[in-house]
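Side chains included, hydrogens not; waters and symmetry mates left out as well; all remaining heavy atoms used. So that the names make sense, note that chain A is the first sequence line, chain B the second, and so on, each numbered from 1. Just so it is clear, the structure is predicted and the values come from calculations on it, not from any experiment.
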2 protein chains.
Amino acid sequence: MLRGTNLKFVNSYNLRIVLEMIRLYGPMSRIDISRSTHLTAQTVTNITKKLMEVGLIFESDRKQNGKGAPSILLKSNPDCAYSIGVDFDKDHLNCVLVDFNGVIRESISQTLNCPAPDQAIDMIVQSVRRLIKKARIKKSKLWGVGVGVPGPMILLDNSIRANIINPKFYPGWDNVPIVQILKKKLKVPVYIENNAAAAAIGERWYGIGKHIDSFFYIFFGAGIGGGMVLNGLPYPGFRGNSGEIGYLPLLNNFTGKLQLDDSAHVGMHFDLLLLYNELKTAGYKIYEPAQLEKLFLNNEPILLDWMQKGAEQLAYTVLAIEYLIDPEIIFFGGRLPECMISAYIDIINEIAPRHRISGLKQIPELKLARAGVDATALGSATLPLYNSFAPIPSLLHKKNEVAVPDLKMIYQAL
Amino acid sequence: MLRGTNLKFVNSYNLRIVLEMIRLYGPMSRIDISRSTHLTAQTVTNITKKLMEVGLIFESDRKQNGKGAPSILLKSNPDCAYSIGVDFDKDHLNCVLVDFNGVIRESISQTLNCPAPDQAIDMIVQSVRRLIKKARIKKSKLWGVGVGVPGPMILLDNSIRANIINPKFYPGWDNVPIVQILKKKLKVPVYIENNAAAAAIGERWYGIGKHIDSFFYIFFGAGIGGGMVLNGLPYPGFRGNSGEIGYLPLLNNFTGKLQLDDSAHVGMHFDLLLLYNELKTAGYKIYEPAQLEKLFLNNEPILLDWMQKGAEQLAYTVLAIEYLIDPEIIFFGGRLPECMISAYIDIINEIAPRHRISGLKQIPELKLARAGVDATALGSATLPLYNSFAPIPSLLHKKNEVAVPDLKMIYQAL
DNA sequence: GTGCTTTATTAAAATTAATTGATTTAATGG
DNA sequence: CCATTAAATCAATTAATTTTAATAAAGCAC
């Protein structure tokens, strides 16, 4: 799609660049922003003036740096915008309300048992309303709701993200337009994303990935998934299926055992329901990931064996990511306890080098991302803020509809 | 790197957008460009005026479309710019001179025997000079020289692409600054790229990939390599190693045989020197890919067995590409004869579905790209033109040095 | 303390390319 | 032949950045 651009697009982009500079590297002065972005000092003054008027940033102390007038440090305002993230799956619903700086202000968790769409959507709506009340924020400052769901989605005509949760595992969830329904009921922008991709975006916007332009994110949820950020931007793939590492065929030469059938796939080794069942035979009653921490720390053999088998498959996947995508870093995060994710990283770091061709000097580092219950919800909460405030280069191109709100809308909203 | 932009960058980008529209969809009228790019008609008039002044485009017939003034069709001028592509490897040196439309005007091929750097560079310089003479073009219209080399390179400080050919297989080629040397001798811009990546860029700029925004390119050269184009742009990876499918570990469950050692890799099955040796034991004297066509058409068992084993490994690689990257299309191209590449595609299309998880409806199509001797050289020839004329979005961002010539420099050059 | 130097910030004017609105050009069709 | 339609362009306007110049605030020398 070859699209031209013009001065207005330039301005809205530069606005976001300056805001992002302050968010990532702040507190910082106008002159530092100018030097970094190569915008003139005057332009930075003009833009920061606008940003201050709408309350996105504010001036704080002056910084003395030798001779000359000390520069005025600019900070981003955590209370300028809030967002709600929803982590939804068959067995749980976690919702968090975060401020602009990504700090979780309030959260609500509940367990589910494969609810029907109507029921689930009602619960989400109620949770959102309760969060707004609990946090005592103005609804006008709620920038939107982001929903992270397991499995792939389809894109509708207008390239508005929508709404199939893998119908195979979710009876009744075929073709449910969650986005439209939630938008209508809540009257705020609603975004939906695969939970792994949402976690990756969250890592990019708030996590260690803030300064990493290209990374792969391996996500432990009910199964295993992945998301990627390339050149600073989420890369969803042509059909929205990129990063689906769970679908890779099983290898028997890594495990030393025979594979079940030709279409057996890596995801099998990370299906928590299968693990819970296996643990049940040993007398454990496990129904959520947090309970695994204790078993892991007690060196429960069933769990350790399970992890070892999975890690062997994952090691190959990591090599494939290295050689195909060559990201700067591979993050590991998700709903599992931090100690387990770290253990996976350790096993892979032991296995992978044996299968690596000699001669490659630099390889991506494996790093722990945000783990635990809130990982997905926080990632999902990022979606509205990311879309409203991130300097996405495609903003520079003319489009029929401005999908992304610009400062005029921010003026109106505040 | 967060950089701002301004009106001048907008203009140089819009110039390229309009030129690209005409190149890809031309002949087309100003009003069609306006509707497509969402630039106003007046802006398109201004831009096309500039492009005509420097001879990049010209007006041709009027197209009658019902009532009203007929629109004037604009065409890109094939003789506005030329480029020379160099395909260099241990055993051969192919050079082509192409015009702006990608038509090969002249070419020179010669066989080599692992030459030393001085010798090789001299041969390249001579070939370039001979091509200019043969094609009888003005040197001022030679936009540059692109060199495709096997194996990885490193990027120098200024992000000017440079200059290591995998030193392991090329004694004496450690740290040779080819780009700088050639630039000094030829006095034109010189670009270097991995041959697989160059072929991918060539496919994007001149091939079927012209209208495909995201694809993976599997390249058959002396071994096997890969390149990718994502969101319309070449994606080199963080260390310039993306697409290195040859490095993936071997799988024994696909071949049914034991792997040699832990670091045995897919590339082994595509190493032409190994194949030539195996064929030698059967009495064949093969030293270049074109000779394989006859053997293949005669159903030579050694060759067919070789291809079957390779294809089984490649099928897994294709699945990994599908699930990790999810490109629109996977292209297959390179120095092998077209019939052999097609055969690889057929075998993979037979194997892959068996290992695919059920439920995924859409999958990337496997397509034949340009095959044969000129594939790499044409891809390399694309590099200078691509860098000078393609609407690369990063052009919109302010930088210290303008690495890419803009229209001012085009004025001077013509 | 005073005055000079240095540096950050901002005000005013200039610049630039896109946009808007009016005009010209060239065909169709009654 | 003239009204209609649509493409292309001229002229004036607009909206952002840039340039130039002024102002403000600190350090430093005397």
Side-chain angles (χ1 to χ4, degrees), chain A residues 3-18 22 27-53 57-74 395-399 406-408, chain B residues 3-18 22 27-53 57-74 395-399 406-408:
Chain A
R3 292 283 162 84
T5 185
N6 69 17
L7 205 43
K8 284 193 179 173
F9 287 80
V10 164
N11 181 239
S12 89
Y13 183 74
N14 284 346
L15 262 160
R16 288 181 181 223
I17 283 285
V18 170
I22 297 170
M28 80 189 298
S29 68
R30 292 176 177 83
I31 194 73
D32 286 338
I33 296 170
S34 164
R35 278 195 269 263
S36 225
T37 60
H38 288 65
L39 292 166
T40 59
Q42 182 59 53
T43 301
V44 174
T45 294
N46 296 341
I47 288 175
T48 51
K49 200 174 161 191
K50 281 193 195 177
L51 291 173
M52 281 171 62
E53 277 169 17
I57 61 167
F58 57 88
E59 292 186 338
S60 71
D61 311 332
R62 299 192 95 112
K63 190 186 74 183
Q64 279 154 263
N65 23 7
K67 277 186 187 174
S71 51
I72 303 161
L73 293 178
L74 300 169
L395 285 174
L396 280 164
H397 304 303
K398 293 185 167 193
K399 279 173 198 161
D406 67 353
L407 211 67
K408 266 185 203 157
Chain B
R3 292 283 162 82
T5 184
N6 68 17
L7 204 44
K8 283 191 178 174
F9 285 80
V10 164
N11 182 238
S12 91
Y13 182 74
N14 283 346
L15 263 160
R16 288 179 181 224
I17 282 285
V18 171
I22 297 169
M28 82 189 297
S29 68
R30 291 174 177 85
I31 194 73
D32 286 337
I33 296 170
S34 164
R35 277 194 270 261
S36 228
T37 59
H38 289 64
L39 293 166
T40 60
Q42 182 60 52
T43 301
V44 174
T45 295
N46 295 340
I47 288 176
T48 52
K49 200 175 163 189
K50 281 193 194 175
L51 291 173
M52 281 172 62
E53 276 169 16
I57 60 168
F58 57 87
E59 293 186 338
S60 72
D61 310 332
R62 300 192 95 112
K63 190 185 74 181
Q64 281 153 261
N65 24 6
K67 278 186 185 175
S71 51
I72 303 162
L73 293 178
L74 300 169
L395 285 173
L396 280 165
H397 305 303
K398 294 185 166 192
K399 279 173 198 162
D406 68 352
L407 211 67
K408 267 186 203 155

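When each of Asn6(B), Asn11(B), Leu7(B) is checked for a side chain to side chain contact (heavy atoms under 4.5 Å, CB included) with Phe9(B), only Asn6(B) meets the rule.
For the pair Ser36(B) and Arg3(A), the tightest heavy-atom approach, listed with the atom from each and the gap, is O-NE, 3.2 Å. Smallest separation of non-hydrogen atoms from Thr45(A) and Arg30(A): OG1-CD, 4.0 Å.
Rounded to whole Å, atom C1' of dT18(D) lies 15 Å from atom NE2 of His38(A). Going from atom NZ of Lys63(A) over to atom P of dT7(C) covers 14 Å, rounded to whole Å. Separating the CG atom of Asp61(A) from the P atom of dA25(D) is a distance of 16 Å, rounded to the nearest angstrom. Atoms CZ (Phe9(B)) and P (dA16(D)) sit 19 Å apart, rounded to a whole Å.
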Within the 4.0 Å limit for protein heavy atoms, which parts of nucleotides 8-18 of chain C are touched? Write it as a string from 5' to 3', B for base, S for sugar-phosphate only, - for none.
SSBBB---BBS
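Residues passing the side-chain hydrogen bond (donor to acceptor under 3.5 Å, both in side chains) test with Thr43(B), sequence neighbours excluded: Thr40(B).
For the pair Ser29(A) (side chain) and Leu73(A) (backbone), a donor-acceptor distance under 3.5 Å is absent. Side-chain atoms of Thr37(B) never come within 3.5 Å of backbone atoms of Gly4(A) as a donor-acceptor pair (strictly under, hydrogens ignored).
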